[in-house]
> 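Below you'll find the structure I mean.
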Amino acid sequence: MVKIIPYSSAYLKSYQDFARRGWGKNCYQQTEKYLNWLYQKNPYADKEKPFLLVIEPQKNMVVGVMHKMRLPWLIDGQKVLVSSIHNLLVAKDYRQGSGLMLITAALKDAAHAFCPGVLPPLSDAYKMLRCQEIDALWFRKIIWPLGRKTTTARKLDWPDNTQIAAMVKTLNAKSGSHILWDAEIFNWRFLQGPKHLFLWVDAANFLILSIGRRKGLTVARIIDGHVEDKNSTLWRDALSAARSLGAVVLLGYTADQNLREYFLIRIRPRVQHPLVFFYHKDKKNREMNFSAAAGDFGLESFLNN
């Protein structure tokens, strides 16, 4: 019989061995850089109970894990801390019931939780728990290496404080429930850990991308942004920037009203895709307005130079 416990540093080596077996020897999940960023540098991290492990008691070894990213959100007009559940993995011989045990343990004391990119059979568990299924737009664009086009947007290797303040203000001006950004959490999410590329026109028109290696291929992901000008070339700029950095595909998902409107003019949504859920303890559905930055999308860019 397995047991669920909070992570402690005593299990670091066992966790890393398990991560390498499950995600690959060079996975970002096994790096201390990822763990330190997520659970030490994050100003909202739960340092006493950072994430959950499944332990096989006789061998005292890690056989499962579920990570969480805590971010401040504005829900029902109040600032609340919401954990994004991600990187759920259980060893094959221990999967009978362990995944559901991890989910219920993670949600036990939570008023709200974000559950991105869920596939069957775990999606059935979230439905059983009456989580709100989010209508997210998923897209995928293959990038053919037909030469490099210039971008009209500026590429920001490191946005200055004025630009960061402008992006924070724009991202916070959404309706419904959304991440409640400030300069500190913006810097942590986009500048202190996984690498990001900023395509900037002005305070109302910008995109944030990540570039990383996944399954041996370089992929680009649109993580967040805002496009007020519906004739903006930012989509084309994103393709061009991704191509220039060696990406073979541009991926993304969003439940942001503004970005949905902009992307739907230019792309064909994916028909088959993971599901996105939001857990509310009171079981009431809400207007949720967010992009992939709310979860673990793009964290493979931790491995970039």
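Being a predicted model, the structure only gives us computed values, none of them experimental.
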> Do Arg221's NZ or CZ and the ring of Phe297 fall within the cation-pi criteria of under 6.0 Å and 45°?
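Yes, cation above the ring, under 6.0 Å and within 45°.
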
> Could you tabulate the donor-acceptor pairs under 3.5 Å formed by side-chain atoms of residues 102-109, not counting sequence neighbours?
unit_1, atom_1, unit_2, atom_2, d
Thr104, OG1, Leu100, O, 3.0
Thr104, OG1, Met101, O, 3.0

> Please test Glu287 against Gln257 for side chain to side chain donor-acceptor pair (under 3.5 Å), starting from the C-alpha separation and ending with a verdict.
CA-CA 10 Å; Glu287 177 194 352; Gln257 296 174 3; 2.5 Å; yes

> Any sub-3.5 Å donor-acceptor pair from Tyr39's side-chain atoms to Lys68's backbone N or O?
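It does hold such a pair.
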
> Salt bridge or not between Asp237 and Lys155? Use side-chain N to carboxylate O under 4.0 Å.
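Between Lys155 and Asp237 there is no salt bridge, as every charged N stays at least 4.0 Å from the carboxylate O atoms.
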
> Gln132 and side chain to side chain donor-acceptor pair (under 3.5 Å): which partner among Lys284, His280, Lys283, Arg286?
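The side chain to side chain donor-acceptor pair (under 3.5 Å) with Gln132 is passed solely by His280 among Lys284, His280, Lys283, Arg286.
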
> Do Ser301 side-chain atoms and Lys195 backbone N/O form a donor-acceptor pair below 3.5 Å?
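Here the side-chain-to-backbone pair exists.
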
> For the atom pair OG (Ser84) and CZ (Phe114), what is the distance rounded to the nearest 0.5 Å?
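Answer for the OG-CZ pair, Ser84 versus Phe114, is 5.5 Å.
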
> What distance separates Phe139 CZ from Lys141 NZ, expressed to the nearest 0.5 Å?
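Spacing of CZ (Phe139) from NZ (Lys141) equals 12.0 Å.
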
> Report the distance from atom OG of Ser14 to atom CD1 of Ile55, rounding to the nearest 0.5 Å.
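If I round to the nearest 0.5 Å, the distance is 6.0 Å.
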
> Considering only NZ, NE, NH1 and NH2 on the basic side and carboxylate oxygens on the acidic side, decide whether Asp17 and Arg21 come within less than 4.0 Å.
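Between Arg21 and Asp17 there is no salt bridge, as every charged N stays at least 4.0 Å from the carboxylate O atoms.
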
> Could you give me the CA-CA distance, side-chain angles and deciding distance for Asp256 and Tyr262, then say whether side chain to side chain donor-acceptor pair (under 3.5 Å) is met?
CA-CA 10 Å; Asp256 178 277; Tyr262 178 72; over 6 Å; no

> Is there a donor-acceptor pair under 3.5 Å between the side chain of Asn258 and the backbone N or O of Val227?
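Yes, the answer is positive, given that a donor and an acceptor are paired below the 3.5 Å cut-off.
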
> After noting the C-alpha distance and the side-chain angles of Asp46 and Lys49, does the key distance pass the salt bridge (charged side-chain N to carboxylate O under 4.0 Å, His left out) rule?
CA-CA 6 Å; Asp46 182 352; Lys49 299 179 180 179; over 6 Å; no

> Would the distance check show the side chain of Gln40 and the main-chain N or O of Trp37 forming a donor-acceptor pair, the cut-off being under 3.5 Å?
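No, Gln40 side chain to Trp37 backbone: no donor-acceptor pair under 3.5 Å.
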
> Quick one: ring-ring contact (aromatic ring centres under 6.0 Å, His included) pairs with a partner in residues 75-97, sequence neighbours left out?
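Pairs touching residues 75-97 that pass the test: His67-His86.
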
> Rounded to the nearest 0.5 Å, what separation is found between the CG atom of Leu209 and the CZ atom of Phe198?
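Going from CG on Leu209 over to CZ on Phe198, the span is 10.0 Å.
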
> Main chain of Gln78, side chain of Asp76: is a donor-acceptor contact present, judged purely on distance under 3.5 Å?
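Not confirmed, Asp76 side chain does not pair with Gln78 backbone.
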
> For Arg189 and Ala293, indicate whether the former's side chain and the latter's backbone hold a donor-acceptor pair under 3.5 Å.
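Answer holds: yes.
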
> Is the backbone N or O of Arg95 less than 3.5 Å from a side-chain atom of Ser98, with the two atoms forming a donor-acceptor pair by type?
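Not at all, since once roles are kept as given, no pair shorter than 3.5 Å links the two residues.
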
> Let me see the working for Asn87 and Gln29 under side chain to side chain donor-acceptor pair (under 3.5 Å), right down to the final yes or no.
CA-CA 8 Å; Asn87 280 336; Gln29 290 92 337; 3.3 Å; yes

> Look at the side-chain heavy atoms of Ile, Leu, Val, Met, Phe, Trp and Tyr, link any pair under 4.5 Å apart, and say whether Tyr15 and Val2 land in one connected group.
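In one cluster with Tyr15: Val2, no.
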
> May I ask you to decide if Gly176's main-chain N or O and Asn289's side chain share a donor-acceptor pair within less than 3.5 Å?
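Side chain of Asn289 to backbone of Gly176, a donor-acceptor pair under 3.5 Å: no, none is there.
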
